[in-house]
Amino acid sequence: MRTLSEPKEMTIQVGGMTCAACASRIEKGLKRMDGVNDASVNLALETSNISYQPDKIEAGAIKDKIEKLGYHVVTEKAEFQIEGMTCAACANRIEKRLNKTEGVVGAPVNFALETVTVEYNPKEVTPKELKETVAKLGYRLDEKQAVDGDGRLSQKEKEQRKQLIRLIFSAVLSFPLLWSMVSHFSFTSFIWMPDILMNPWLQFALATPVQLVIGWPFYMGAYKALRNKSANMDVLVALGTTAAYAYSLYMTIASLGRDGHVEGLYYETSAILLTLILLGKLLEMKAKGRSSEAIKKLMKLQAKTAAGEREGKVQVIPIDEVRTGDIVYVKPGERVPVDGEVIEGHSAIDESMITGESMPVDKSPGSTVTGATINANGFLKIRAVNVGKDTALAHIIKIVEEAQGSKAPIQRLADHIS
């Protein structure tokens with residue numbers, strides 16, 4: 001009897017989601033795949049947590065499924081300088097090994113320049129792990145240039161900036177159309193309006209860039225949804241605004257050769273609808289950014305470096321190079337870099353970020369300390385017990401992320417019915 005392999009868990013950053021329906025569609029699409037045990041999507045953090053059987057399905061197939069659903073997997077790039085290559089076979093060996101590493105999308109090696117550009121999923125693998133992988137082959141990677149070091153944050157900032165530019169462009173073109181509409185209401189008839197704003201060809205010129213340029217992402221989203229035999233907000237937006245725009249265009253063409261006011265123009269309807277939806281999306285982006293603020297603040301509590309013993313000397317090393325069993329030194333006023341046990345020194349530790357207790361707790365040899373807490377007044381020598389993803393702070397961050405992505409039973413029922 002064949003035994004199943006242990007299930008693996010994978011976290012992927014997903015781009016292109018616009019609403020809860022998008023998250024629900026990704027969840028349903030992934031859960032239908034043979035070999036996927038469970039899948040949950042966190043719209044606020046734009047991540048997907050997937051549990052799957054590696055002997056039944058590969059991680060690449062899961063990513064391909066997300067792409068086919070009309071979304072994309074967000075990756076980062078890092079460029080490394082390679083030391084130790086002597087021939088093209090070395091480059092080929094490094095490239096093959098990196099491409100087989102879980103979380104790596106692509107890793108082309110340039111033998112002439114002795115560089116490699118690695119595209120990877122930051123949720124699955126880190127530059128430090130990439131360096132260790134290549135080191136096992138007998139070579140060395142030096143990080144030459146990290147592209148998008150804080151990929152998630154900069155990506156969101158770029159999207160917000162792009163959305164704001166689109167909103168301003170749309171609002172400027174839509175305002176004259178709104179002006180022409182508002183001045184025709186009985187209770188706003190006192191508002192002056194230039195006669196040229198009622199020219200159908202001017203309205204056409206103002207509405208067309210909004211409909212076809214600003215509205216293009218909605219058409220693409222609607223196409224991808226319909227291609228996957230589903231409907232979302234993009235379908236509704238594209239259908240509603242196109243109906244108003246197309247009918248108005250028909251009436252504009254039909255008015256050729258006629259003088260006077262043209263009835264039945266609804267250019268302002270499509271343009272203003274798109275502008276208001278863009279405003280809503282921009283506000284949604286900002287709200288999602290604030291919803292993950294707690295996690296960002298928790299991440300800032302993590303120490304970036306640690307003073308540790310290396311070859312009999314005390315050296316300041318990056319926190320991700322600290323290993324279980326290493327001896328680290330913590331001076332007064334510094335953050336404790338890792339979870340560990342005090343082996344020398346006496347001090348008081350401010351543990352308010354963990355326990356909420358405002359009074360510092362005395363520590364002496366044999367006492368346990370928690371990473372990210374603050375050493376108040378004494379020098380401590382600590383043996384690292386939990387490092388990296390195993391620290392208490394890392395577990396807190398993971399729990400907060402899972403809580404933000406979890407659904408109430410009534411919401412799960414609604415998603416199932418829909």
Side-chain angles (χ1 to χ4, degrees), residues 9 11 42 44-45 47 49 122-123 125-129 131-132 143 146 149-150 152-153 289-406:
E9 289 193 0
T11 301
N42 188 324
L45 298 178
T47 59
N49 296 313
K123 291 288 185 179
V125 67
T126 64
K128 175 63 179 174
E129 292 169 339
K131 292 178 182 178
E132 291 175 350
E143 202 159 348
D150 186 5
R152 288 169 55 180
L153 181 58
R290 285 194 294 269
S291 70
S292 59
E293 195 66 32
I295 293 176
K296 293 176 187 175
K297 288 180 179 178
L298 284 173
M299 288 179 173
K300 288 179 181 178
L301 294 176
Q302 293 175 320
K304 301 295 186 293
T305 59
E309 291 184 359
R310 283 289 187 275
E311 300 175 355
K313 297 180 180 179
V314 178
Q315 300 178 2
V316 177
I317 58 176
I319 192 65
D320 57 0
E321 292 185 11
V322 178
R323 296 290 178 263
T324 300
D326 284 356
I327 305 301
V328 296
Y329 295 77
V330 185
K331 297 177 182 179
E334 291 183 342
R335 289 191 182 276
V336 178
V338 294
D339 296 355
E341 179 185 355
V342 178
I343 60 174
E344 186 180 314
H346 294 79
S347 184
I349 299 290
D350 179 3
E351 297 183 337
S352 58
M353 56 82 61
I354 296 290
T355 64
E357 175 58 54
S358 59
M359 295 297 293
V361 180
D362 291 333
K363 299 292 182 181
S364 57
S367 301
T368 59
V369 292
T370 306
T373 54
I374 299 174
N375 182 19
N377 51 31
F379 171 81
L380 293 175
K381 185 185 287 188
I382 298 169
R383 178 184 293 108
V385 176
N386 295 319
V387 298
K389 297 178 182 178
D390 296 325
T391 62
L393 181 61
H395 285 302
I396 291 172
I397 292 172
K398 184 178 180 181
I399 290 170
V400 172
E401 288 181 339
E402 290 175 351
Q404 285 190 341
S406 63

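- Note that OG1 of Thr305 and CD of Gln315 are 12.5 Å apart. Values are rounded to the nearest 0.5 Å.
- At least one side-chain heavy atom of Val338 sits less than 4.5 Å from a side-chain heavy atom of Ile319.
- The CD atom of Glu321 sits 4.0 Å away from atom NZ of Lys128, with the distance rounded to the nearest 0.5 Å.
- More than 12 heavy atoms of other residues, nucleotides or ligands shown are found within 6.0 angstrom of NZ on Lys304.
- For the pair Tyr329 and Leu380, the minimum side-chain heavy-atom distance is 4.5 Å or more.
- A distance of 8.0 Å separates OG of Ser347 from CG of Asp362, quoted to the nearest 0.5 Å.
- No side-chain heavy atom of Val336 sits less than 4.5 Å from a side-chain heavy atom of Thr370.
- When every heavy atom of Asn377 is checked against every heavy atom of Ala348, the shortest pair comes out as OD1-N, 3.4 Å.
- At a threshold of 4.5 Å between non-hydrogen side-chain atoms, the residues Asn375 and Arg335 do not count as touching.
- Side-chain N/O atoms of Asn386 and Thr391 include no donor and acceptor closer than 3.5 Å.
- The two residues Ala384 and Val322 make their nearest non-hydrogen contact at CB-CG1, 4.2 Å.
- With rounding to the nearest 0.5 Å, the separation of CD1 in Ile343 from NZ in Lys381 is 5.5 Å.
- Judged purely by distance below 3.5 Å, without hydrogens or angles, the side chains of Asn49 and Thr11 pair a donor atom with an acceptor atom.
- Distance CG/Asp339 to CG/Leu393: 8.5 Å, rounded to 0.5 Å.
- The minimum heavy-atom distance linking Val342 with Ser364 is given by the pair CB-O, 3.5 Å.
- Distance check: Thr373 OG1 to Glu351 CD gives 5.5 Å after rounding to the nearest 0.5 Å.
- For the pair Pro365 and His346, the minimum side-chain heavy-atom distance is below 4.5 Å.
- At most 12 heavy atoms of other shown residues, nucleotides or ligands fall within 6.0 angstrom of atom CZ in Arg383.
- Using a 4.5 Å heavy-atom threshold, the side chains of Ile349 and Pro360 count as separate.
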